[in-house]
Amino acid sequence: MPPVFRFAPSPNGYLHLGHALSALLNAAAARAAGGRLLLRIEDIDLARCRPGFEAAIYEDLAWLGIGWEQPVRRQSEHFDDYRAALARLEAMGLVYPSFESRAGIAALVEERERQGPWPRDPDGAPLYPGTARDIAPDERSRRIAAGESYALRLDMAKAVRRAGALAWDEAGRGTVAADPSAWGDVILARKDTPASYHLAVTVDDALGVTDVVRGEDLFPSTSVHRLLQSLLGLPAPRYRHHRLILGSDGRKLSKSTAATALRQLRAEGLTPADIRRMVGLD
Ligand code: GLU
């Protein structure tokens, strides 16, 4: 079976040089291995994604000389798949609703921090304090029925106990031990959003993707994906996390900076060969 790669951008802004590196590495790896390249549009967050950005993804990739298989998988068309995966985790007793707003959580964490440092996740956000874990089942149902907003969270300690020790295969590094506990009780879905990034990416990569090539910023998230794969009985792809392209300020590129957007560079007259050089290929 030929290996299957995927490039999975979110249409919430224009692709930048970092996306170009990721897409070019995926295309080159697929070509070298006689494999396939899939394109997935990660548009779960309907409030931030725009059809215009999706059209621009196709245009920018084609301009770079990248070809992908049809059909493109658009996550917003597969909410039922994510709901089904969530239902399986719920049936295992691993999911609970939390009702605090973001500001409410920040206030809770601030209170805990008065007693000493509070743990942060690998992205630097404070871990959810787990306050809603102990809400009684009837009260949960009552609050949901009353229309309160909520996030559905994974009971991380319980999930890790069930899954046991996990690892993944990382190109150039061999076997890496997963550490999902570093993320605390991650969000799997929200009242109006049937899946978080972690849940959707896990379900979608299990549809035949054998090789995930993506930026180093997602390396820590792989621990959560590995855990969800194990709980849901899904296969684990091989992973390769590549270097990031940094801006002149030394920070990871942002979709909101026009200067490094591919379409801006194209409008300035740069060619695909220039882009390859700028991202350190060739
Ligand atoms: N949609 C994610 C992004 O644009 C990438 C997800 C992934 O490659 O796993 O950053």
Side-chain angles (χ1 to χ4, degrees), residues 3-30 36-50 52-58 60-61 64 66 68 72-78 81-82 85 122-123 168-171 176 178 180 183 186-188 193 195-229 234-247 251-257 260-263 279:
V4 181
F5 294 79
R6 71 1 173 230
F7 177 57
S10 300
N12 55 9
Y14 292 120
L15 298 187
H16 55 53
L17 289 169
H19 297 107
L21 175 62
S22 217
L24 289 165
L25 288 175
N26 270 289
R36 300 161 52 196
L37 177 59
L38 310 181
L39 178 60
R40 184 163 77 225
I41 299 294
E42 300 213 322
D43 60 348
I44 291 271
D45 185 353
L46 294 170
R48 293 176 60 220
C49 293
R50 301 270 177 276
F53 290 134
E54 184 181 326
I57 288 172
Y58 302 138
D60 291 346
L61 291 179
L64 279 176
I66 291 171
W68 60 91
V72 168
R73 183 171 171 95
R74 196 182 283 121
Q75 290 187 324
S76 58
E77 291 170 356
H78 299 280
D81 293 3
Y82 313 131
D123 282 347
W168 78 83
D169 178 5
E170 176 77 28
V176 175
W183 291 94
V186 287
I187 293 178
L188 297 176
T193 315
S196 65
Y197 159 66
H198 293 310
L199 185 62
V201 83
T202 301
V203 167
D204 286 350
D205 283 340
L207 298 170
V209 172
T210 59
D211 292 83
V212 171
V213 176
R214 61 184 175 191
E216 180 72 25
D217 51 339
L218 292 171
F219 181 90
S221 293
T222 310
S223 288
V224 178
H225 307 163
R226 197 52 210 99
L227 174 62
L228 294 175
Q229 285 155 6
L234 302 173
R238 291 179 288 265
Y239 289 90
R240 172 178 171 197
H241 292 92
H242 60 74
R243 65 189 161 83
L244 299 180
I245 304 286
L246 302 179
R251 301 178 53 172
K252 150 178 148 178
L253 297 182
S254 150
K255 281 205 178 102
S256 52
T257 314
T260 47
L262 296 179
R263 58 185 30 227
V279 300

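Below, each value reflects all heavy atoms present in this structure, side chains not excepted, and no hydrogens, waters or symmetry copies. Each residue takes its place number in the sequence, starting with 1. In each ligand, atom 1 is the first atom listed, and ligand 1 is the first ligand listed.
Contacts between Leu218 and ligand 1, counted as non-hydrogen atom pairs separated by less than 4.0 Å, involve the side chain only.
Counting non-hydrogen atoms of neighbouring residues, nucleotides and ligands closer than 6.0 angstrom, the CZ atom of Arg243 exceeds 12 such neighbours.
Those atoms of ligand 1 with a heavy atom of Glu42 less than 4.0 angstrom away are 1 (N), 2 (C), 5 (C), 6 (C). The Arg6 neighbourhood of ligand 1 comprises atoms 7 (C), 8 (O), 9 (O), with distances under 4.0 Å to a heavy atom of that residue. Those atoms of ligand 1 that come under 4.0 Å of a heavy atom in Tyr197, given as number and element, are 6 (C), 7 (C), 9 (O). For ligand 1, the atoms lying closer than 4.0 Å to a non-hydrogen atom of Val201 are 9 (O).
Just one of Val212, Thr210, Asp211 meets the side chain to side chain contact (heavy atoms under 4.5 Å, CB included) condition when paired with Arg6; it is Val212.
Side chains of His241 and Thr222: a donor on one and an acceptor on the other come within 3.5 Å.
Residue Ser10 places at least one N or O, backbone or side chain, under 3.5 Å from an N or O of ligand 1.
Ion pairing between Glu170 and Arg238 fails under the 4.0 Å rule for side-chain N and carboxylate O.
The backbone N or O of Pro11 lies less than 3.5 Å from no partner atom in the side chain of Asp43, so there is not a single donor-acceptor pair.
For atom 5 (C) of ligand 1, the closest heavy atom belonging to the protein is Ala8 O, 3.4 Å.
Within a 4.0 Å radius of atom 10 (O) of ligand 1, the protein contributes no heavy atom.
Note: Tyr58 and Trp68 have parallel aromatic rings, judged against thresholds of 30 and 60 degrees for the angle between ring planes.
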